[in-house]
Structure formats: C-alpha cells, structure tokens
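Sharing a structure below in structure tokens format, with a few things to ask.
Just so it is clear, the model here is predicted, and its values are computed rather than measured. Counting starts at 1 for both ligands and their atoms, following the listed order. Residues: numbered from 1 along the sequence shown.
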Amino acid sequence: MKKILVTGATGQIGSELVPALRSRYGFANVIACGHQRTPPPELEQAGPYLKLDIRDPAALNQIVAEQRIDTIYHLAALLSAVAEQKPQLAWEINMGGLLNVLEAARLHHCAVFHPSSIGAFGPTTPAELTPQVTIQRPNTMYGVTKVAGELLCDYYFSRFQVDARGVRYPGLISYQTPPGGGTTDYAVEIFHAAVQDKPYRCFLKKGTRLDMMYMADAIEAAIAIMEAEPGSLSVRNAFNITAMSVAPEDIYHEIKKHRPGFTMTYEIDPIRQAIAESWPNRLDDSEARRQWGFSPRYDLAAMTKEMIAGLTGQDQEKN
Ligand code: NAD
Ligand code: SER
C-alpha cells in the first residue's frame, strides 16, 4: 500500500485530490499538508493533516521520514496572476519548494507528481494543436518556474532515478474550492455569478481561447499518470492534457441554456489578458492518450451541467 504526502492540500486541486487518494489508498495513508495551522473542516474530519511551509526543507524531510512517505503529490505553488504580482516570492515557492520536494524524494526514495501548466508555453509557441515537444519561451514568472520545474524533474529522474512525473494542466474548473489566483479563474467565477443570478464581468476579452478541464478529469489524470507502467512513458515532465478549448463567450452561451436570464459584460484586466494571449489556444494531447490512456469524460456541456448542479446544491446546503 502506498503512503502519500500531498503538499498544497487545501488548494483548488488538493481539496479534491486528497479525498480521491484517500478513497483509493486508505484514509490513514494520505497525509495532507497545508500552509495553514488548522485545516479546513472537510480535511480535518477525513484524515491526517500537518502544517508545512514548503520552503522549509528540514520540516519536509522530517515529515517524509517519520511518516514513511513513498509518493509525494506536490501542489504547493503560486498561480500565474499572483506570481506576476510577486515574482520573487513565486520563484522562492515554486522553484525552491520543488527543489526541496525533489531532494526529499531523492533521500527517501519517493515518487513525485508535479503539475506543470499551459503556462509553460509562451507567445512564440505554436498556438493551435500545440505539440508535446515544442518551443517553450514563456514571458511570465509562473511560466519560467513551470518550464524550469519540468526540466528539474527530468534532471532528477535521469541523474538520481527519482520517479518524477507530471502533466501540463489547462485551466481547471471546479466548485468545491475557489481557484488560487490564476488567469483562467474567470471560468470558475462565471458559474458562481450565474447561480447567484448576478451579472458577470469577465476580465478576459471575447475570443480569448484557452484549454480547460473539469476537476474530476484532472484528478483522474493525476492518479492515472502515477499508476502508469514506467516502461510505457517516453515523456515524464510533462504531458500535454486538455478536455476543451473555449473562449468566455462559449461558457456564457452554455450557461444560458440552463440560466436564460444570465448576462455577461467584459471589463478587461490587461495583466491577465496579456498572460492569456501568451498561452496556446489548444494543446495536442495525443501522447498522453496514447502512452497512458488519458481520456477526459467532461466536455463543455457536461462540465456546465455539473458545475451548476454542484453550486446550486452548495447554496441549498448553506440555507
Ligand atoms: P492553489 O493556489 O489553489 O493551491 C496552492 C496551495 O499552495 C494553497 O493551498 C497554498 O496555501 C499553498 N502554498 C502556497 N505557498 C505555500 C508555501 N510556502 N508552503 C506550503 N504551501 C503553500 O493552486 P492549485 O490550483 O491547487 O494548483 C496546484 C498546482 O497545480 C500548482 O503547481 C499549479 O501551478 C498547478 N496548476 C493548476 C491549475 C489550475 O487551473 N488550478 C492549472 C495548471 C497547473
Ligand atoms: N489555471 C492556471 C493559472 O491560470 C494555469 O496554470 O494560473
């Protein structure tokens, strides 16, 4: 049985990955680590939680040794918009944190999952059907840390045989935990506005096409790549994956099918718009499909239905 550590466990991905890992590998076998001293109630009830600042290698090594960890899902990071506001801190957390995780993995013989992003691409990358191996010259601090992170993980694999694997996630859409300050956050905010019968002001321009994915598919992908037979992987860091390529108006029109009175206007945030324009429109994820069977279940219509049902249910629980 695996013994798993999840860093950044209280974030958008971690808050859904931890329960998924616990139901697969056992509650006691998944240690959630967050930056906060006390976990959110849903994690506290469900299994072990420890406070960890990922910039503290001694604390990380102590947890990995004491808990006899063999697999680390490393999610602690700053996202694109926050990283652009605090580039020095983003380097410290995203790169320093990853180095600490890879060192702990080297010393204690752990496998590592580390998500990269569509942010690892830049304005000179081919935007349509972006190949698995292509130009990666991002012009954001987030992107710089993602490309460097992919390379560092590959280095630890080839130099020290650390089994480090990753995917390039697109924008992730979910309702359980708010996103942490990314460029694709509009695709979550829009649903919150719609279910509250409020108009939505979108911070990206009409026509800004980006890859997106519903969280359930993202969680399945994280588990699937870590369970894939090593021999079947010709790439490790990191596989392109996507489920849909959408612009704000596509999501708006899909929501209108459920909420005909919903309205959206545009109020562009130049910083996030520039980041979005530097990213691809649509990734080619054929290598992930071929090498480890990646196959997302949610398209725009299915995801919209789930988001509205999930958020409406949450509203009802609150009242
Ligand atoms: P998030 O911002 O929701 O969560 C990140 C977590 O890291 C937060 O809980 C935060 O408290 C924690 N953290 C920040 N600084 C820390 C520190 N010094 N020590 C310990 N913890 C710290 O992010 P997420 O959306 O869950 O993303 C997780 C990973 O997936 C990141 O590497 C991100 O780049 C990547 N990713 C996310 C998306 C997305 O759309 N959510 C897309 C592509 C890639
Ligand atoms: N959703 C993430 C962001 O916008 C993509 O990595 O930062």
Side-chain angles (χ1 to χ4, degrees), residues 5-18 32-37 39-40 43 49-57 59-60 63 72-86 89-98 100-101 112-121 138 140-150 153 166-174 176-189 203-204 208 210-215 217-219 221-222 237-243 269 271-276 278-280 283:
L5 180 74
V6 181
T7 73
T10 60
Q12 190 193 6
I13 301 177
S15 58
E16 297 196 41
L17 180 64
V18 168
C33 274
H35 209 189
Q36 302 90 326
R37 189 163 295 284
L43 277 184
Y49 176 90
L50 295 171
K51 180 184 174 343
L52 172 71
D53 187 327
I54 202 61
R55 292 168 294 179
D56 181 346
L60 173 64
I63 291 171
I72 305 174
Y73 282 79
H74 174 46
L75 305 177
L78 297 189
L79 269 71
S80 60
V82 178
E84 226 30 48
Q85 285 160 5
K86 302 173 188 170
L89 183 64
W91 178 267
E92 212 181 292
I93 293 174
N94 294 12
M95 290 313 300
L98 177 61
N100 291 342
V101 165
V112 175
F113 172 79
H114 173 249
S116 185
S117 160
I118 49 173
F121 298 115
T140 61
M141 178 51 92
Y142 182 67
V144 168
T145 66
K146 286 302 176 190
V147 178
E150 290 181 11
C153 287
V167 294
R168 293 182 185 130
Y169 277 136
L172 299 181
I173 302 178
S174 65
Q176 293 191 14
T177 303
T183 302
T184 57
D185 292 10
Y186 89 84
V188 176
E189 293 172 4
F203 60 75
L204 294 187
T208 309
L210 291 168
D211 285 295
M212 300 278 176
M213 183 180 292
Y214 188 54
M215 187 59 83
D217 284 327
I219 300 300
N237 300 283
F239 281 92
N240 284 0
I241 57 170
T242 184
D269 169 3
I271 294 176
R272 284 181 288 188
Q273 183 63 36
I275 296 175
S278 77
W279 291 352
L283 301 187

Margin query: Using 0.5 Å steps for rounding, measure from the NZ atom of Lys86 to the CG atom of Leu78.
Written below: 7.0 Å
Check: Can you find a side-chain donor-acceptor pair between Glu150 and Ser116 that sits under 3.5 Å?
Finding: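 Yes.
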Note to self: Can you work out which protein residues put a heavy atom within less than 4.0 Å of ligand 1?
What the structure shows: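 Residues within 4.0 Å of ligand 1: Gly8, Thr10, Gly11, Gln12, Ile13, His35, Leu52, Asp53, Ile54, Arg55, Leu75, Ala76, Ala77, Leu79, Ile93, Pro115, Ser116, Ser117, Tyr142, Lys146, Tyr169, Pro170, Gly171, Leu172, Gly180.
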Notebook entry, point to check: For the residue pair Ile219 and Ile13, what are the closest heavy atoms and their distance?
Noted result: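 The pair with the smallest heavy-atom distance is CD1-O, 3.9 Å.
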Next item on the list: Please name the pair of heavy atoms, one in Pro170 and one in Ile118, separated by the smallest distance, quoted to 0.1 Å.
Entry: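 For Pro170 versus Ile118, the nearest heavy atoms are CA-CG2, 3.9 Å.
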Item checked: Nearest-0.5 Å distance that lies between atom OG in Ser80 and atom CG in Asp185 ->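 Reported to 0.5 Å precision, the distance equals 7.5 Å.
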Next item on the list: Calculate, to the nearest 0.5 Å, the distance between atoms CD1 and CG belonging to Ile275 and Asp269 respectively.
Entry: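 Answer rounded to 0.5 Å: 8.0 Å.
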Margin query: Quick check on contacts: which atoms of ligand 2 are under 4.0 angstrom from a heavy atom of Ser117?
Written below: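 Numbered from 1, ligand 2 contributes 5 (C), 6 (O).
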Note to self: For ligand 2, which is the ligand I care about here, please tell me if Trp279 has any N or O atom under 3.5 Å from one of the ligand's N or O atoms.
What the structure shows: no
Checklist line | CG on Leu60 to OG1 on Thr7, rounded to 0.5 Å | finding: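 Reported to 0.5 Å precision, the distance equals 8.5 Å.
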Next item on the list: Return the residue, atom name and 0.1 Å-rounded distance of the protein heavy atom closest to atom 4 (O) of ligand 2.
Entry: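 Ranked first by proximity to atom 4 (O) of ligand 2 is Thr183 N, 2.6 Å.
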Checklist line | Rounded distance (nearest 0.5 Å) linking atom CZ of Arg272 with atom OG1 of Thr184 | finding: 10.0 Å
Item checked: Proximity of Tyr169 to ligand 2 by residue part, where a heavy atom lies under 4.0 Å -> neither
Notebook entry, point to check: Which value, rounded to the nearest 0.5 Å, describes the distance between Ile93 atom CD1 and Thr145 atom OG1?
Noted result: 10.5 Å
Item checked: Contacting atoms of ligand 2, where contact means under 4.0 angstrom from a heavy atom of Ser80 ->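 Under 4.0 Å from Ser80, ligand 2 has these atoms: 3 (C), 4 (O), 7 (O).
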Notebook entry, point to check: Can you tell me which residue and heavy atom of the protein come closest to atom 1 (N) of ligand 2, and the distance to 0.1 Å?
Noted result: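 Closest protein heavy atom to atom 1 (N) of ligand 2: Thr184 OG1, 2.7 Å.
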